[in-house]
Amino acid sequence: METDYIPWSLFYKKFGAQTPLNDTNDTCIMAIRKIITYPHPVLREKAAPITVFDQALQALVKDMADTMWDAPGVGLAANQIGIARQLVVVDRSTKDEERQYLPLVNPVITSGEGSIIDEEGCLSVIEYTANVKRFRRICVIAQDVEGNPLEFEAEDRFARIIQHEVDHLLGTLFIDRLSSLKRALYKKKLKKLLQEQE
């Protein structure tokens, strides 16, 4: 397995990484949470299932949506704010609507078909985008914030965002889906960037 060899000293100086929060009962005064960036180890953790559906979870979901839009981004996984729990939010807004988002608790992609290559970036992978191959259409099961079961199909852009965010819950980043050469080049670029910011 590849090691994420960016020196921690450089990472802390640039981004001030914080200790990951332990559970959804952790509180945060501001609605905008700090987005954790690679190579913080919480991004490599497999998220634990959520079993308690309470007001704390609803508050966390709202914070995640606010953080996603503030970044700005189109999706956010709980790992990305330091909470290794199976929770993502996905932007469902259109240009003609008010902001809308879909929270998915304990999401699982049960099947996928077709394939499409398109450009991806990530709020946790700074200054980098790349073409990534994904399923064109997927089937998803999950729960809503009250614990009710969800089952639906998604395709194209919506499916891509969900696949990207569910990867986060498995400790996988989009750069892991690239060639070893491209990953090595990005790590070299990041290391140089952090050195320049000292």
Side-chain angles (χ1 to χ4, degrees), residues 24 33 35-36 38 42-81 83-125 128-179:
T24 55
R33 302 286 188 109
I35 294 177
I36 303 300
Y38 176 83
V42 73
L43 297 173
R44 294 305 192 184
E45 289 186 31
K46 289 188 176 181
I50 289 174
T51 57
V52 178
F53 297 82
D54 56 10
Q55 290 185 344
L57 176 61
Q58 294 179 23
L60 174 60
V61 166
K62 184 179 184 304
D63 284 0
M64 287 177 60
D66 289 342
T67 302
M68 171 183 68
W69 284 322
D70 180 73
V74 294
L76 191 72
N79 307 56
Q80 294 179 271
I81 58 168
I83 302 173
R85 294 293 183 270
Q86 292 182 17
L87 173 64
V88 304
V89 293
V90 178
D91 184 16
R92 293 291 283 154
S93 306
T94 67
K95 293 182 180 179
D96 300 324
E97 299 178 324
E98 293 184 1
R99 286 178 169 177
Q100 296 183 4
Y101 66 93
L102 175 66
L104 297 174
V105 183
N106 303 323
V108 176
I109 297 171
T110 57
S111 64
E113 62 182 39
S115 64
I116 186 170
I117 297 174
D118 204 352
E119 187 177 58
E120 288 188 26
C122 180
L123 298 176
S124 293
V125 179
Y128 191 68
T129 60
N131 288 329
V132 179
K133 185 178 181 180
R134 299 279 189 185
F135 288 123
R136 180 184 293 276
R137 177 180 296 176
I138 57 174
C139 293
V140 181
I141 58 173
Q143 293 167 279
D144 65 16
V145 294
E146 295 178 346
N148 300 311
L150 300 174
E151 185 171 0
F152 61 93
E153 291 185 355
E155 59 184 15
D156 299 326
R157 176 179 178 273
F158 185 34
R160 176 172 294 275
I161 297 171
I162 293 174
Q163 290 173 83
H164 180 110
E165 301 308 330
V166 170
D167 268 359
H168 274 298
L169 303 184
L170 301 174
T172 300
L173 301 174
F174 83 94
I175 56 175
D176 299 323
R177 296 185 174 276
L178 306 179
S179 67

Pairwise distance [atom1]([X]) to [atom2]([Y]) - rounded to 0.5 angstrom:
| X | Y | atom1 | atom2 | result |
| --- | --- | --- | --- | --- |
| Ile117 | Arg136 | CD1 | CZ | 11.0 Å |
| Arg177 | Thr172 | CZ | OG1 | 6.5 Å |
| Lys133 | Gln163 | NZ | CD | 12.0 Å |

Show the nearest heavy-atom pair for residues [X] and [Y], with the distance to one decimal.
| X | Y | value |
| --- | --- | --- |
| Phe158 | Ala154 | CD2-CB, 3.5 Å |
| Ala142 | Pro107 | CB-CA, 3.8 Å |
| Ala84 | Glu45 | CB-OE1, 3.3 Å |
| Tyr38 | Arg44 | CE1-NH2, 3.8 Å |

Quick one: are [X] and [Y] in side-chain contact, heavy atoms under 4.5 Å?
| X | Y | value |
| --- | --- | --- |
| Asp167 | Phe174 | no |
| Ile161 | His164 | no |
| Val166 | Gln86 | no |
| Val140 | Glu151 | no |
| Leu104 | Glu165 | no |

Do any N or O atoms from the side chain of [X] and from the backbone of [Y] form a donor-acceptor pair under 3.5 angstrom?
| X | Y | result |
| --- | --- | --- |
| Ser124 | Ile36 | yes |
| Asn79 | His168 | yes |
| Gln80 | Ile35 | no |
| Glu153 | Arg137 | no |
| Asn106 | Ile50 | yes |

For residues 67-77, which side-chain donor-acceptor pairs fall under 3.5 Å, sequence neighbours excluded?
| unit_1 | atom_1 | unit_2 | atom_2 | d |
| --- | --- | --- | --- | --- |
| Thr67 | OG1 | Arg33 | N | 2.8 |
| Thr67 | OG1 | Asp63 | O | 2.7 |
| Trp69 | NE1 | Asp91 | OD1 | 3.4 |

(request) Kindly indicate, with the supporting measurements, whether the criterion side-chain contact (heavy atoms from CB on, under 4.5 Å) is fulfilled by Gln143 and Leu150. (result) CA-CA 5 Å; Gln143 293 167 279; Leu150 300 174; 5.8 Å; no
(request) Evaluate the criterion side-chain contact (heavy atoms from CB on, under 4.5 Å) for residue pair Val132 and Arg160; output intermediate values, then yes/no. (result) CA-CA 10 Å; Val132 179; Arg160 176 172 294 275; 4.0 Å; yes
(request) Please assess Ile162 against Phe135 for the test side-chain contact (heavy atoms from CB on, under 4.5 Å), listing each intermediate value before the final yes or no. (result) CA-CA 11 Å; Ile162 293 174; Phe135 288 123; over 6 Å; no
(request) Start with the C-alpha distance between Tyr128 and Leu178, add both sets of side-chain angles, then the distance that settles side-chain contact (heavy atoms from CB on, under 4.5 Å), and finish with yes or no. (result) CA-CA 12 Å; Tyr128 191 68; Leu178 306 179; 3.7 Å; yes
(request) State whether Glu120 and Arg134 are salt-bridged, where the test is any N-O pair (Lys NZ or Arg NE/NH1/NH2 against Asp/Glu carboxylate O) under 4.0 Å. (result)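 A salt bridge is present here (some side-chain N lies under 4.0 Å from a carboxylate O).
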(message) Can you list everything that forms a side-chain hydrogen bond (donor to acceptor under 3.5 Å, both in side chains) with Lys46? Sequence neighbours excluded, please.
(response) none
(request) Would you please name every residue forming a side-chain hydrogen bond (donor to acceptor under 3.5 Å, both in side chains) with Gln100, sequence neighbours left out? (result)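 Not a single residue meets the side-chain hydrogen bond (donor to acceptor under 3.5 Å, both in side chains) criterion with Gln100.
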(message) With side chain to side chain contact (heavy atoms under 4.5 Å, CB included) as the test, pick out the partner of Val61 among Asp144, Leu87, Asp66.
(response) Leu87
